[in-house]
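Single-structure report; data block below.
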Number of protein chains: 2
Amino acid sequence: MTNSTIDRILDAAEVEFAAHGFVETSLRTITTKAKVNLAAVNYHFGSKKGLIQAVTDRFLGPLTQHLQNQLSAYEKQPSLDSQNQQELQALFTLLAHSCQHVAQKNHHSLAVFARLINMAYSQSQGHLRKHLTHQYGASFLYFMKLLRQYMPAMTNEQFFWRFHYLLGTLVFALSSSEALLAICEREYDESRRIDQIMSDLVLVLASAAQAPMIGDQSS
Amino acid sequence: MTNSTIDRILDAAEVEFAAHGFVETSLRTITTKAKVNLAAVNYHFGSKKGLIQAVTDRFLGPLTQHLQNQLSAYEKQPSLDSQNQQELQALFTLLAHSCQHVAQKNHHSLAVFARLINMAYSQSQGHLRKHLTHQYGASFLYFMKLLRQYMPAMTNEQFFWRFHYLLGTLVFALSSSEALLAICEREYDESRRIDQIMSDLVLVLASAAQAPMIGDQSS
DNA sequence: TATTGTTTTAAACATACGTTTAAAACTAAC
DNA sequence: GTTAGTTTTAAACGTATGTTTAAAACAATA
């Protein structure tokens, strides 16, 4: 019962959506690559919107669940002596590891997931945004709450924007990592891999999170 | 002869592209909002691709020109005593001000600009990417070269990635700034505007640029 | 085997899109 | 006022899309 019609559709849709976006990917392209009849999408998922939500749910579900576990475990292990920089690095590392964990399990590249999130964020898919916030808003806010602890020197509004800058950095870096790797293959070391990128990203995010506020002179 | 057909099309296209993206915006929507006949787009711009390039050129041209002037003026005014953090902030501020200078007339220009780069990066949009690199690649590299001076404590490869993280932060923040503004309208101060966002972004970018490397203990 | 429910299939449907066409309207020079 | 060139207009074209339909194929049960 492996590689059923539903799974083959989801697999193909995942790749195509990540590569070309939701709107520019037709159901005919997906069903052809999945070697499945065109009507199968409407039969199993109701509509294209249903398919999009199913694709996102398949990895966002495990991702948030894994992240939730990691975060709650981290929260129960207090480390009061460490500094904000280290705490922030730890939180971002947990996020990075959760992403990699889910990507590994689904046998798909991390870039695919990142591009999906990018699409969900930047493309004006109204129904998707509502679905995501309704389904995963809690986990989202939980991560935000933990981050907030270690970014105390700013107002809620400032934190709100800072948080989205950091999210943007993460999503964009992962989305274009494959393309960028291809670009610098000939100019730089080929052996640099995703986990190295993630390690460096964590440091960047932690530093960016602690950037001074306007009118603030402390570093 | 102000508000000619061409200008009305460009104005409407700019707004619609920024709001709904390039693919999701139809020529019929644009021509209706511009109060212009449908065929006018093909007559004046040849095709939808031509319109997209015209829309982007209308602000990317002035933007790069303005930025080039600012950068070369900045380069001729040496300030050897200042630190990297200040120099980086200055460079990013120049970029932000150039963006704002061009976007003064229409606030949607920035969103279009960001979306364009986002697509050129994440998607394999052939004609768009080629057009941009061919037209504005030099200015791009010039800005990169100046930045490189004040990020000395890393290899070329590390700088390459750092640069793209920063670009990702900028692009993502600008791409979703409208949506995020809409989100936080009810939770935060409505009066917070783009220029405040940009000011904070500059600080974030400068700090992120100076984040420690892996294995580095200095801040 | 016969029957029931589920899944797959091929075809058609309705709609929206970018583009083209050819006539009409307009502009400016002679 | 006529003419030549440019712009605008309404209509149609061809294509691609998501969706629906109804028959066929399949699976499981009695």
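Chain identifiers are assigned alphabetically (A, B, ...) following the order of the sequence lines, protein sequences preceding nucleic acid strands; residue numbering begins at 1 within each chain. Being a predicted model, the structure only gives us computed values, none of them experimental.
- The phosphate of D/dT6 has neither OP1 nor OP2 within less than 4.0 Å of any side-chain N or O from B/H44.
- Look at CD1 on A/I30: it is 11 Å from P on D/dT19, rounded to the nearest Å.
- Across all strands, B/T31 comes closer than 4.0 Å to no nucleic acid atom at all (heavy-atom distances).
- Taking the centre of each ring, A/F163 and A/F140 come in below the 6.0 Å mark.
- Among the protein residues, A/T25 comes within range of the sugar-phosphate backbone only, with heavy atoms under 4.0 Å from sugar or phosphate atoms but none that close to a base.
- Listed by chain and residue number, A/T29 satisfy the side-chain hydrogen bond (donor to acceptor under 3.5 Å, both in side chains) test with A/S26 (two or more places apart in sequence, or in another chain).
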Show which side-chain atoms of residues 33-44 of chain A pair as donor or acceptor with protein atoms under 3.5 Å away, not counting sequence neighbours.
unit_1, atom_1, unit_2, atom_2, d
A/N37, OD1, A/A39, N, 2.9
A/N42, ND2, A/G46, O, 3.4

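- Atom CZ of B/R28 and atom C1' of C/dT15 are 11 Å apart (whole Å).
- Between A/R8 atom CZ and C/dT9 atom C1' there is a gap of 14 Å when expressed in whole angstrom units.
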Atom pairs under 3.5 Å, N or O on each side, protein against nucleotides 20-24 of chain C: can you list them with distances?
none

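- Residue pairs meeting the salt bridge (Lys or Arg N to Asp or Glu O under 4.0 Å) criterion with at least one member in residues 59-71 of chain A: none, sequence neighbours excluded.
- The ring-ring contact (aromatic ring centres under 6.0 Å, His included) analysis of residues 51-71 of chain A, with sequence neighbours excluded, yields the pairs A/F59-A/F113, A/H66-A/H101.
- Computed from coordinates, the B/F22 CZ to C/dC17 P distance equals 17 Å when rounded to whole Å.
- B/K48 places its NZ atom 4 Å from the P atom of C/dG18, with the value rounded to the nearest Å.
- Under the 3.5 Å distance criterion, the side-chain polar atoms of B/T64 are left unmatched by any main-chain donor or acceptor of B/S139.
- A close approach under 4.0 Å does not occur between any side-chain nitrogen or oxygen of A/T5 and OP1 or OP2 of C/dT7.
- Listed by first and then second residue, the salt bridge (Lys or Arg N to Asp or Glu O under 4.0 Å) pairs that reach into residues 92-104 of chain A come to none, sequence neighbours excluded.
- Atom CG in A/L27 sits about 9 Å away from atom P in D/dT17, given to the nearest Å.
- One interatomic measurement links the two molecules: NZ of B/K35 to P of D/dT7, which rounds to 22 Å at whole-angstrom precision.
- In terms of phosphate contacts, B/S26 brings a side-chain nitrogen or oxygen within less than 4.0 Å of OP1 or OP2 of C/dC17.
- Regarding A/I9, its CD1 atom lies at a distance of 11 Å from the C1' atom of C/dT8, rounded to whole Å.
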